[in-house]
Amino acid sequence: MLELRNVTRQFGGLLALSGVNLTVPDGLIVGLIGPNGAGKTTLINNISGLDHPTSGTIHFQGHAIHRAPPHQVTRLGIARTYQNIRLFGELSALQNLLIGQHLRGQASLLEAILFTPRYRREEQALDQRAHALLERFGLAQVAHVPAGTLPYGDQRRLEMARALAIQPRLVLLDEPTAGMNPSETRELGEQILRFKADGLAVLVIEHDMSLIHQVCDQVYVLNFGQIIAHGTPQTIKADPVVIEAYLGQEETE
Amino acid sequence: MLEWLSSLGITEVVLQLMLISAIMGLSIYFTLYTGMFSLANAAFMAIGAYVGALLSTQLDQPLGVCLIAGALIAGLIAIPIGWPVLRLRDIYLAIATIGFGEIVRIFLINFDNVIAEILRNQTGERVRYELLGGARGIRTIPTYTETWHLILFVLILTFLITRLHRSRFGRAMAAIRQDEKAAANLGINVVYVKNVVFVIGAVIAGAGGVFFAHLIRNITPSMFGFDRAVDILAYAVLGGVTSWIGPIVGGLTLTGIPEILRFSQDYRGVFIGLVLLLIIVYFPGGLINPTAWRAFWQRVRRTHA
Ligand SMILES: Nc1ncnc2c1ncn2[C@@H]1O[C@H](COP(=O)(O)OP(=O)(O)O)[C@@H](O)[C@H]1O
Ligand SMILES: [Mg+2]
């Protein structure tokens, strides 16, 4: 459903991505691993429309999206989270989820001003869905707390809830467990598996190999902007190229 | 009420000017609330003032027609200005919009001369042409504006703003202020929202200009220059833009207090500058802002402990 062909992204003299070919099939969880600075975040930025490839193509369900602005990419059903959390910190958790449902609303500004029945019904529906998401991610108690003041783990979960709020078909997760303890990481793994159960495809950047094993159907390994290996978590773990470039290095860190 | 105000030095005209400042404060509230540092409001006020004044002096139109036309034309001019300019951010946007304000001012000053020149070239005769009045502006504008018009207008605006804040569009505005990229990745068309907000601000500023012209009777281009742009910004900075109450309070007080203290025109600028400085240092979020007050009291308590 998502297909990157020969994607290259150059920052001045630096090749952040170099001829990347990558596919995320329908309903599968694909992992993306690689050392810091390998170009993982750049890859997700290029898919989500915040950045655009210097060359190469990205297709999602038949639509070319490598030149599309972010809001149009989102409209096609791609949601994301960020390595450095980007919530609307002054707004409550609930409001963050209402904004996440921006595309689900139909009512015009005029209808909101006239307070029409359709507008009120719609607001009620958005509100209910937002509360359901808060419930699902264990955030019901903090619905009205400004997102910026939430504990770190709550912020990570809220950002994930916000990505789901747009009702995507593909979710891009950029290091979702960064800064989490092992039990929180496991719990988050359960959430990601639930995305799959709901029929979503997932592309997840992750450093934690236990999470990769817990959730991923396939793994790509990125190093210096190039895909150096691709396979199941088991084959990747045993691949000498990968061990040299990445896994071995992790042990020396 | 009015007697009490006039004992303070606030005559009805001053009260009306205060209310117009509140309207101008609300016009910049829209852009600031969306995270856009635009200083174009004085220019849109000028456009509204001139369009309204032309309609009432040349065509004997009533206030209602002047208002609609002034606000509408200000909004229409905002559309082509917004498209290129709103790509810019922060201080660059501020500078570009100041530039736009200068263009409007120079246009108003030179319009008559340019037309006269064109007519002279066409007919070969010397002609006098007077429509906008150059630097002397438009005079003997009918005084249509009444206090209740302004109060009603502010009430309607605040009602619309409260509704707006509870709408999808209003939430998108807040989202863009806090994180434009995250907003875009949630499906919000950032460019569109910014442009609409810019036009809304222009429409309100245009209406403020129409009221202003029909209050002070004589408008000149220099009334709507950089000073005015900074004054309008000061209303929002004093009151803050965490809620619409901020710019209203800012507009009322910054226009009213110099009158109460009977400052001469020269000292007004100093006063506004000083107030701005103090607010930015001690109340960076503006006066109408609970979190800023909490921080302020904590600071007071700490220095006295
Ligand atoms: N906007 C940018 N401008 C210049 N260089 C960038 C930019 N974004 C990322 N880079 C560079 O691209 C490389 C890959 O970065 P990134 O995608 O963040 O890596 P990762 O997420 O795998 O740690 C790094 O060397 C980084 O410095
Ligand atoms: Mg990264």
Side-chain angles (χ1 to χ4, degrees), chain A residues 44-45 47-51 69-82 84-92 94-115 119-120 122-123 126-127 146-149 159 162-163 165-168 172, chain B residues 30 32-35 75 86-87 155-197 199-200 203-204 240-244 246 284-286 289-292 294-295:
Chain A
I44 283 203
N45 285 344
I47 299 168
S48 73
L50 283 190
D51 191 13
H71 69 273
Q72 275 174 20
V73 174
T74 308
R75 205 157 287 176
L76 293 173
I78 300 180
R80 70 168 290 182
T81 65
Y82 303 84
N84 310 307
I85 300 173
R86 298 184 88 146
L87 289 166
F88 305 117
E90 292 168 27
L91 305 179
S92 70
L94 180 71
Q95 279 171 315
N96 269 273
L97 296 186
L98 290 176
I99 292 169
Q101 296 181 79
H102 183 81
L103 290 177
R104 297 180 28 82
Q106 303 284 318
S108 68
L109 193 51
L110 189 67
E111 284 175 287
I113 284 165
L114 298 176
F115 215 56
Y119 160 77
R120 276 178 287 171
E122 181 179 294
E123 283 294 304
L126 298 183
D127 205 64
T149 65
E159 209 189 32
R162 190 180 65 178
I166 78 162
Q167 290 206 316
L172 314 170
Chain B
F30 275 84
L32 286 176
Y33 184 85
T34 316
L86 294 180
R87 281 163 219 267
L155 287 178
I156 292 172
L157 271 183
T158 54
F159 169 77
L160 292 178
I161 290 173
T162 53
R163 280 286 160 82
L164 175 84
H165 281 327
R166 305 197 45 196
S167 73
R168 237 158 36 94
F169 191 87
R171 287 193 293 260
M173 286 165 60
I176 290 171
R177 177 185 73 236
Q178 295 192 32
D179 192 331
E180 217 176 294
K181 287 181 177 172
N185 264 158
L186 292 171
I188 293 170
N189 187 340
V190 174
V191 176
Y192 171 78
V193 172
K194 280 186 170 182
N195 276 278
V196 172
V197 166
V199 170
I200 293 174
V203 165
I204 296 169
V241 286
T242 41
S243 92
W244 48 267
N289 182 347
T291 28
R294 236 173 282 134

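All values reported here derive from a predicted model rather than from experimental measurement. Just so you know, these numbers use all the heavy atoms, side chains as well, and skip hydrogens, waters and symmetry mates. Each chain gets a letter, A, B and so on, in the order the sequences are listed, and its residues count up from 1.
- Contact of A:Y82 with chain B is made through the side chain alone, with heavy-atom distances under 4.5 Å.
- Note that the CG atom of B:N185 and the CZ atom of A:R162 stand 9.0 Å from one another [nearest 0.5 Å].
- Other residues, nucleotides and ligands place no more than 12 heavy atoms under 6.0 Å from the OH atom of B:Y192.
- Chosen from A:R75, A:Q95, A:E159, A:R80, the residue pairing most often with chain B at heavy-atom distances under 4.5 Å is A:R80.
- B:R163 and A:E123 are not joined by a salt bridge, as no carboxylate oxygen comes within less than 4.0 angstrom of a charged side-chain nitrogen.
- Considering only heavy atoms from C-beta on, A:F88 comes within 4.5 Å of B:L186 through its side chain.
- B:R177 touches chain A through its side chain: at least one heavy atom from C-beta onward sits under 4.5 Å away, while N, CA, C and O do not.
- The CZ atom of A:R120 lies 10.5 Å from the CZ atom of B:R166; values are rounded to the nearest 0.5 Å.
- For the pair A:E90 and B:Q178, the minimum side-chain heavy-atom distance is below 4.5 Å.
- To the nearest 0.5 angstrom, B:R168 atom CZ is 11.0 Å from A:Q101 atom CD.
- Residue contact with chain B, scored on non-hydrogen atoms closer than 4.5 Å, involves the backbone and the side chain of A:L98 alike.
- Only the backbone of A:L114 comes within contact range of chain B, with heavy atoms under 4.5 Å apart.
- Looking at A:A163, there are no atoms closer than 4.5 Å to chain B (heavy atoms on both sides), in backbone or side chain.
- Distance check, rounded to the nearest 0.5 Å: CG of B:D179 to CD1 of A:I99 gives 10.5 Å.
- With respect to chain A, the highest number of heavy-atom pairs below 4.5 Å among B:G170, B:A172, B:A183 belongs to B:A183.
- In this structure, A:L103 and B:G187 approach most closely via the heavy-atom pair CD2-O, 3.5 Å.
- Contacts between A:L91 and chain B at a heavy-atom distance below 4.5 Å involve backbone atoms as well as side-chain atoms.
- Taking A:R86, A:E111, A:H71 one by one and counting their heavy-atom pairs under 4.5 Å with chain B, the maximum is reached by A:H71.
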